[in-house]
Amino acid sequence: MNAVIFLDIDGVLAPKERIQTYTMIEQLNKKLAYKKEDARIEALPNNLVNQIYHHFDAESCRMILKLCESFDAKIVLTSTWRPFFSLEQLKAILNIFDLGDMVIGCTDPDVPRYRMIQNYIEAHQINNYIVIDDLNMSRQFPSHFIAAQKRFDHGQYEKAVRLLQYQI
């Protein structure tokens, strides 16, 4: 592992815009579990899998995956989803978009969010990292922070590439 991506979900992978109506796909959790070869997805409620499948931004997820592959980076989740799902459930949720295997952990609950990231960095002696979030932490992480506006977009991806190239 060369780098860590501290990743939020809402406002980064799940856009802030209103959820468009969609048609519920019956047994989508089973279909995706089979397709992705990940039984953890089948264990998730089908309505949750449908919400994620229809609401997460596939392009944002692809760009995060590309960062992971290009820089041998792993993901540490900082999202407010952490208290509601186990690490294995979060991996299954993100594996709907092929990101589950990139997740190595979550930050411990703490307030403010930047402190839990700093604690994780210190505890795991991380030197190369970026923070991608819609909560502005540019003051705390001036050369490591990428601000997502409504979702992680191409301009932010390019900034992430530059920051990781500089560090590695």
Side-chain angles (χ1 to χ4, degrees), residues 1-19 40-41 44-45 48 51-52 55-168:
M1 173 179 66
N2 285 327
V4 171
I5 299 170
F6 290 95
L7 186 66
D8 185 23
I9 293 176
D10 293 322
V12 179
L13 302 180
K16 287 184 176 179
E17 298 113 17
R18 289 185 57 175
I19 296 176
R40 298 173 302 187
I41 296 172
L44 296 171
L48 174 64
Q51 288 173 353
I52 292 161
H55 185 60
F56 273 39
D57 186 81
E59 183 62 21
S60 297
C61 293
R62 276 192 292 276
M63 288 185 286
I64 295 293
L65 181 60
K66 189 173 178 182
L67 285 173
C68 290
E69 292 172 345
S70 298
F71 293 95
D72 189 25
K74 297 296 181 185
I75 296 170
V76 173
L77 294 170
T78 61
S79 173
T80 55
W81 290 38
R82 293 169 299 106
F84 303 104
F85 299 100
S86 70
L87 179 58
E88 288 306 304
Q89 289 172 318
L90 287 166
K91 287 180 178 184
I93 287 167
L94 290 177
N95 213 34
I96 292 169
F97 290 96
D98 301 319
L99 290 169
D101 291 340
M102 302 300 157
V103 176
I104 59 168
C106 298
T107 53
D108 291 329
D110 199 354
V111 176
R113 188 179 295 184
Y114 75 86
R115 189 166 328 277
M116 62 186 177
I117 295 170
Q118 290 171 333
N119 291 345
Y120 193 97
I121 290 168
E122 289 174 19
H124 296 87
Q125 299 176 341
I126 296 168
N127 295 316
N128 304 320
Y129 66 93
I130 56 174
V131 177
I132 304 173
D133 206 307
D134 61 332
L135 177 66
N136 188 346
M137 291 183 271
S138 59
R139 193 177 74 201
Q140 292 84 9
F141 304 104
S143 59
H144 298 269
F145 182 70
I146 293 101
Q149 301 304 314
K150 294 183 180 184
R151 66 175 188 88
F152 186 66
D153 65 25
H154 187 71
Q156 294 148 7
Y157 168 80
E158 292 296 326
K159 180 177 180 182
V161 167
R162 286 191 306 275
L163 289 177
L164 288 169
Q165 283 174 337
Y166 177 75
Q167 294 177 51
I168 295 178

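In this structure, L90 CG and L77 CG are separated by 5.5 Å, a value rounded to the nearest 0.5 Å. Rounding to the nearest 0.5 angstrom, the gap separating the CE atom in M102 from the CD1 atom in I5 is 9.5 Å. Distance check, rounded to the nearest 0.5 Å: CG of D10 to CZ of F56 gives 7.5 Å. To the nearest 0.5 Å, the span separating CG on D8 from CH2 on W81 amounts to 10.0 Å. Summarising the geometry, atom CG belonging to L135 is positioned 11.5 Å from atom OG belonging to S79; distances are rounded to the nearest 0.5 Å. Atom CE of M137 sits about 10.0 Å away from atom CD of Q118, to the nearest 0.5 Å.
Closest of all the heavy-atom pairs between D108 and R82 is C-NH1, 3.7 Å. Of all non-hydrogen atoms in R40 and A92, the two that sit nearest each other are CB-CB, 3.5 Å. Across I168 and A3, no two heavy atoms sit closer than the pair CD1-CB, 4.0 Å. Annotation for L87 and C106: closest pair CD1-SG, 3.8 Å, computed over non-hydrogen atoms. Contact record, V12 with A148: CG2-CB, 3.8 Å, taken as the closest heavy-atom pair. Closest approach of L163 and S143 over heavy atoms only: CD2-O, 3.3 Å.
Between L67 and F152, the closest side-chain pair of non-hydrogen atoms falls below 4.5 Å. Proximity of M116 to P109: side-chain heavy atoms (C-beta onward) are nowhere separated by under 4.5 Å. Between F97 and R62 the shortest side-chain heavy-atom distance does not fall below 4.5 Å.
Shown here are the side-chain hydrogen bond (donor to acceptor under 3.5 Å, both in side chains) partners of S70, two or more places apart in sequence or in another chain: there are none. Residues that satisfy the side-chain contact (heavy atoms from CB on, under 4.5 Å) test with Q89, not counting sequence neighbours, are L44, F85, S86. Partners of T78 under the side-chain hydrogen bond (donor to acceptor under 3.5 Å, both in side chains) rule, at least two apart in sequence or in another chain, do not exist in this structure. Partners of E158 under the side-chain hydrogen bond (donor to acceptor under 3.5 Å, both in side chains) rule, at least two apart in sequence or in another chain, are H154.
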task: May I have the step-by-step check of side-chain contact (heavy atoms from CB on, under 4.5 Å) for I64 and L7, ending in yes or no?
output: CA-CA 9 Å; I64 295 293; L7 186 66; 4.0 Å; yes
field: Stepwise side-chain contact (heavy atoms from CB on, under 4.5 Å) test for T107 and V76
entry: CA-CA 7 Å; T107 53; V76 173; 3.9 Å; yes
query: What's the verdict on side-chain contact (heavy atoms from CB on, under 4.5 Å) for I93 and L48, showing C-alpha distance, side-chain angles and the deciding distance?
result: CA-CA 9 Å; I93 287 167; L48 174 64; 4.2 Å; yes
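For the pair K159 (side chain) and F145 (backbone), a donor-acceptor distance under 3.5 Å is present. Side chain of S60 to main chain of L13: no donor-acceptor pair is present (N/O by atom type, distance under 3.5 Å, no hydrogens or angles). Counting only distance, with no hydrogens or angles, the side chain of Q156 and the backbone of A147 share a donor-acceptor pair below 3.5 Å.
Salt bridge absent: K66 and E69 never bring a charged side-chain N and a carboxylate O closer than 4.0 Å.
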For residues 124-132, run the donor-acceptor check on the side chains, cut-off 3.5 Å, and write out each pair with its distance to 0.1 Å, sequence neighbours left out.
{"residue": "H124", "atom": "ND1", "partner": "Y120", "partner atom": "O", "Å": "3.1"}
{"residue": "N128", "atom": "ND2", "partner": "N2", "partner atom": "O", "Å": "3.2"}

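Applying the salt bridge (charged side-chain N to carboxylate O under 4.0 Å, His left out) test to every pair with at least one member in residues 114-126, sequence neighbours left out, gives no pairs at all.
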